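All remarks here apply to the structure that follows.
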Amino acid sequence: RPSDATCGVGNSNSNGKASLPIRREKDFVDTFFSNSRLHFIGSWKANIDGVMSAALALNKSPQPLPATECKVRQIIHVDIDCFFASVATIVNPTLEGKPVAVCHSDHSNGTAEISSANYEARKFGIKAGMFMSKAKELCPQLVRVPYYFEKYQEISRALYRILLRFSAQVQPISVDEAFVDVSGLGDSMAICQEVRACFAKETGITVSAGASHNMLLARIATKRAKPNGAFLVPSDAAEAFIGELPVG
DNA sequence: ATCCTCCCCTAC
DNA sequence: TAAGGTAGGGGAGGAT
Ligand SMILES: Nc1ccn([C@H]2C[C@H](O)[C@@H](COP(=O)(O)OP(=O)(O)OP(=O)(O)O)O2)c(=O)n1
Ligand SMILES: [Mg+2]
């Protein structure tokens with residue numbers, strides 16, 4: 001906080017240089033937020049509303065059947081595969097097939113957190129939130145890549161533009177994840193595959209999809225579909241599907 | 001009974 | 001060399 005900055009180290013004497021620590025404090029806060037992946041994700045949620053209303057204003061998105069007018073809804077959930085890590089592979093295709101993790105630091109000690117790990121890296125037990133130092137213990141040949149926040153924004157917009165071509169009822173969950181109500185708009189698995197194909201063609205990145213008759217089942221179906229797949233839970237299979245889910 | 005605020009937790 | 005922010009669900013409990 002600027003009001004605290006004059007209490008900082010090296011500013012104890014009254015030589016008229018009190019403004020310097022205040023300015024450096026402000027720069028610190030700005031760089032912190034501009035490099036924070038969690039700030040990027042969190043503020044995007046509010047940002048999505050603008051993207052949505054702009055696209056919906058074009059009035060080109062088909063309206064699904066209201067829940068009251070169809071016996072069984074058709075809900076789709078989509079989630080980009082290891083989003084940030086996938087973007088790095090688009091930027092540098094030679095990373096294909098190698099274990100990759102997104103992180104500010106590549107050091108073997110310290111507490112820098114991994115934001116996203118690709119599926120090669122996950123075979124070693126590496127996952128989001130893990131310290132890079134721990135990840136390199138598990139996988140010394142792990143390739144560390146930087147953040148590309150501008151590209152995440154661009155690719156996220158592409159996903160939402162595609163989803164809104166199939167239905168006007170899109171609920172954003174995050175930068176890489178959304179629900180879509182496609183009740184009465186066609187075969188839900190066919191729509192899943194169309195969305196996946198469109199997105200892969202436009203961005204070169206894979207997105208997985210789950211489909212079922214409610215949001216919860218669709219979301220869990222996406223976990224089963226990953227990576228680079230689609231999975232349907234039919235109404236009469238829901239009980240068995242839920243019943244066999246492992247703990248953890 | 002309802003509404004509100006605070007707090008804890010979780011998913012991104 | 002590191003950038004642990006943000007929104008929302010839901011329970012506890014006080015005010016109305
Ligand atoms: N603890 C976390 C979780 C997520 N993210 C960021 C990086 C992810 O790429 C993005 C999307 O989150 P997901 O939970 O969808 O994870 P991924 O897309 O990376 O992998 P998955 O294939 O499991 O969806 O959010 C992050 O920075 N820190
Ligand atoms: Mg994802």
Side-chain angles (χ1 to χ4, degrees), chain A residues 1-2 4-5 8-9 23-53 75-88 100-119 121-122 126-137 140 142-160 163 170-180 205-210 214-227 245 247-248:
Chain A
R1 293 179 300 174
D4 294 341
V9 176
R23 208 186 68 80
R24 291 183 62 196
E25 183 84 2
K26 181 179 179 302
D27 287 348
F28 170 81
V29 173
D30 288 346
T31 31
F32 178 91
F33 278 96
S34 66
N35 288 294
S36 165
R37 84 200 198 264
L38 295 173
H39 173 69
F40 173 83
I41 293 171
S43 42
W44 174 257
K45 287 186 179 181
N47 194 330
I48 290 176
D49 296 336
V51 176
M52 296 277 299
S53 49
I75 308 298
I76 283 173
H77 174 261
V78 298
D79 186 323
I80 300 174
D81 296 324
C82 49
F83 183 29
F84 291 7
S86 294
V87 172
V100 168
V102 178
C103 188
H104 282 298
S105 166
D106 194 25
H107 285 184
S108 301
N109 46 30
T111 60
E113 270 187 21
I114 287 171
S115 172
S116 177
N118 70 359
Y119 283 78
R122 290 182 199 191
I126 296 168
K127 53 188 185 192
M130 179 179 284
F131 287 167
M132 175 55 85
S133 51
K134 174 68 178 174
K136 296 195 101 175
E137 287 176 17
L142 179 66
V143 180
R144 167 265 166 189
V145 292
Y147 292 88
Y148 300 98
F149 289 117
E150 338 69 33
K151 293 191 184 299
Y152 305 154
Q153 184 152 310
E154 195 178 307
I155 290 165
S156 180
R157 285 210 186 93
L159 175 66
Y160 279 92
L163 294 179
V170 175
Q171 179 180 335
I173 297 301
S174 80
V175 67
D176 83 326
E177 183 181 349
F179 287 101
V180 189
I205 290 175
T206 64
V207 56
S208 294
N214 66 42
M215 295 169 69
L216 176 60
L217 285 168
R219 191 170 200 157
I220 300 172
T222 302
K223 290 190 203 300
R224 178 68 61 93
K226 276 179 176 291
L245 288 179
V247 174

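Worth saying up front: this structure is predicted, and the values here are computed from it rather than measured.
- A donor-acceptor pair is defined here as one N or O able to donate and one able to accept, closer than 3.5 Å; no such pair exists between the side chain of A:S105 and the backbone of A:A112.
- As judged by a 4.0 angstrom heavy-atom cut-off over every strand, A:N109 is placed among residues touching the sugar-phosphate backbone only.
- A straight line from CZ of A:F131 to P of C:dT1 spans 16 Å, rounded to a whole angstrom.
- Closest to the side chain of A:F33, out of C:dG4, C:dT6, B:dC12, is C:dT6.
- Toward the 5′ end of DNA chain C lies the nearest nucleotide of A:H107, the other residue of the pair A:H107 and A:E113 mapping further downstream.
- The CD-P distance, from A:Q171 to B:dC12, rounds to 12 Å in whole Å.
- When distances are taken from the side chain of A:H104 to each of C:dG4, C:dA3, B:dC12, the shortest belongs to C:dA3.
- A cation-pi contact, defined as under 6.0 Å to the ring centre and within 45° of the axis, links A:R122 to A:Y119.
- Among the atoms of the strands shown, none is found under 4.0 Å from any heavy atom of A:S34.
- Here CD1 of A:I75 is found 13.5 Å from CZ of A:R219. Values are rounded to the nearest 0.5 Å.
- In this structure, the CD atom of A:E177 is 20 Å from the P atom of C:dT6, given to the nearest Å.
- One N or O on the side chain of A:Y152 and one on the backbone of A:Y148 form a donor-acceptor pair closer than 3.5 Å.
- Between C:dG4 and B:dC9, the two C1' atoms lie 16 Å apart (nearest whole Å).
- For the pair A:L142 CG and C:dT1 C1', the computed distance is 15 Å after rounding to whole Å.
- Rounding to whole angstrom units, NZ of residue A:K45 and P of C:dG8 are separated by 8 Å.
- Between A:R37 and the phosphate of C:dG4, there is a side-chain N or O to OP1/OP2 separation shorter than 4.0 Å.
- Rounded to whole Å, the distance from CG on A:N35 to P on C:dT1 is 13 Å.
- A:M215 places its CE atom 13 Å from the C1' atom of C:dG8, with the value rounded to the nearest Å.
- At distances below 3.5 Å, not a single donor-acceptor pair connects side-chain atoms of A:D81 with backbone N or O atoms of A:P227.
- Minimum atom distance to the side chain of A:H39 is reached by C:dT6, of the listed B:dA11, C:dA3, C:dT6.
- Backbone-only engagement by A:R219 is indicated by non-hydrogen atom pairs under 4.0 Å involving sugar-phosphate atoms exclusively.
- A:L159 places its CG atom 15 Å from the C1' atom of B:dC12, with the value rounded to the nearest Å.
- A:S105 comes within contact range of at least one nucleobase, with a heavy-atom separation under 4.0 Å.
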